[in-house]
There are 2 protein chains.
Amino acid sequence: MTDVKTAINPLFLREEELRQAIELLFFAYRDSTAEPDRILAKYNFGRAHHRVIYFVGRNPDLPVSELLRILKITKQSLSRVLSQLVEEGFIEQKPGHHDRRQRLLCLTDKGRNLEQQLSEAQLARFAHAYRAAGAESVVGFRTVLLGLINEEDRERFLADRDSQRLPGEH
Amino acid sequence: MTDVKTAINPLFLREEELRQAIELLFFAYRDSTAEPDRILAKYNFGRAHHRVIYFVGRNPDLPVSELLRILKITKQSLSRVLSQLVEEGFIEQKPGHHDRRQRLLCLTDKGRNLEQQLSEAQLARFAHAYRAAGAESVVGFRTVLLGLINEEDRERFLADRDSQRLPGEH
DNA sequence: GTTTTTACGTCAGTCATGTTGACTTATTTG
DNA sequence: CAAATAAGTCAACATGACTGACGTAAAAAC
């Protein structure tokens, strides 16, 4: 644990640890998206379609503006994939109740079907990692990832997800 | 903690937890790449250039084949960004010692300079998250992320990084 | 020592997904 | 009524993936 480098320069281990974190995040993201990508290819869809399907499935009646905020892309970028998904009957739009300018997005049965297919592989991967790591590790995992996220979404996440276990709560 | 849904269906909480993990990973990746992207734009580079610079900086004398294995992209995809980086003097190539077919990749001084610029923002974000979460959370974070990675790279990671703290070791 | 495999590079074409900028429409709000 | 907002559209462009075909030099296999 205390090798030559850390004895001389205590900051070395810190940077080494942080770089390992960068790499772990990269590899985890790379491998977590691989299976969904293969399924999407059969539908001539890409990762962008997955993100839309995922977040619409997760937040029924999602207004377009909110989806744009989540994805942090331009409306023109979203437009292409979203209109494909609507045309092909995976997503339906309906006017907002309070504000009829809004178009609220929902998955159709067809959309929910694809969503489940996509989630199956991904959930299995996460379930495996969670099971192998154990409950304590999961708390740490969530805490660090939350710390990596910009304040706006971090707060939103903590507010929205009431089943969230906060750092000291376990 | 035990709400109506979990009382009826104990699997609900599990899936809810797993979906939160998926989202945390997405948001963390999205926000961790944002600052580097802004710096890269000044050089007319993209995220692909960052990945090459990062992994070459991290593994001096990296053969092209190994870089391809890490990035999991085609050599034609790599070719565009790599030859740009070589032409503009950020990376240099030299023939392998044992195998002269190989071209080993290294950062030049210019390349190291850019690498440091890019890493600065990213390391600060990770340092902040690590500091806020604490040492125990970091262990959990690493353990879960390792579990998300395909076996090949997981093993490679554990083998390469001798300063790695294994689950029971802390 | 010839053949085969490997490491790397290149040319050409395509597709997915992001960008900017300009403009329209419907609706809500001040 | 005027201004702001939610959403959509058209056009042009950049990045970074992909496939497929082909070339060259060095190593490995026979």
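In what follows, chains carry the letters A, B, and so on, assigned in the order in which the sequence lines appear, proteins first and then strands, with residues in each chain numbered from 1.
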Test: A:Arg19 and A:Glu16 ion pair at under 4.0 Å: no

Position toward the 5' end of DNA chain C (nearest nucleotide), B:Arg80 or B:Pro63: B:Pro63

Interatomic distance where CZ belongs to A:Arg30 and P belongs to D:dG16 [whole Å]: 18 Å

Between P of C:dT10 and CZ of B:Arg103, the distance in whole Å: 7 Å

Under 3.5 Å donor-acceptor, A:Ser137 side chain and B:Thr143 backbone: no

hbond_proxy A:Arg100 side chain to C:dT27 base (donor-acceptor, 3.5 Å cutoff): no

Polar side chain donor-acceptor pair, A:Tyr43 to A:Glu88, under 3.5 angstrom: no

B:Lys75 NZ to D:dT24 C1', straight-line distance once rounded to whole Å: 11 Å

Sub-6.0 Å ring centroid separation between B:Phe141 and B:Phe126: no

B:Leu78 CG to D:dC18 P, straight-line distance once rounded to whole Å: 11 Å

Nearest-angstrom distance from the residue atom CG of A:Leu68 to C1' of C:dG18: 13 Å

Pair of N/O donor and acceptor under 3.5 Å linking C:dT6 base with B:Arg101 side chain: yes

Residues within residues 31-51 of chain B bordering DNA chain C, heavy-atom distance below 4.0 Å: none

N/O donor-acceptor pair, side chain B:Gln76 with base D:dG20, under 3.5 angstrom: yes

C:dT19 phosphate, OP1 or OP2, under 4.0 Å from A:Thr74 side-chain N/O: yes

Atom-pair distance (CG on B:Leu67; P on C:dG9), nearest Å: 10 Å

salt_bridge(A:Glu115, A:Arg58) N-O dist < 4.0 Å: no

Sugar-phosphate only, base, or nothing, as touched by A:Ser77 at under 4.0 Å among non-hydrogen atoms: base

Protein-nucleotide distance (A:Ile73, atom CD1; D:dA14, atom C1'), rounded to Å: 16 Å

A:Asn150 versus B:Arg125, side-chain donor and acceptor atoms under 3.5 Å: yes

Rounded distance in Å - CZ (A:Arg69) to P (D:dA6): 13 Å

Proximity of B:Phe26 and A:Tyr29 rings by center, below 6.0 Å: no

Sugar-phosphate only, base, or nothing, as touched by B:Gln84 at under 4.0 Å among non-hydrogen atoms: nothing

Distance below 4.0 Å between A:Ser65 side-chain N/O and D:dA7 OP1 or OP2: yes

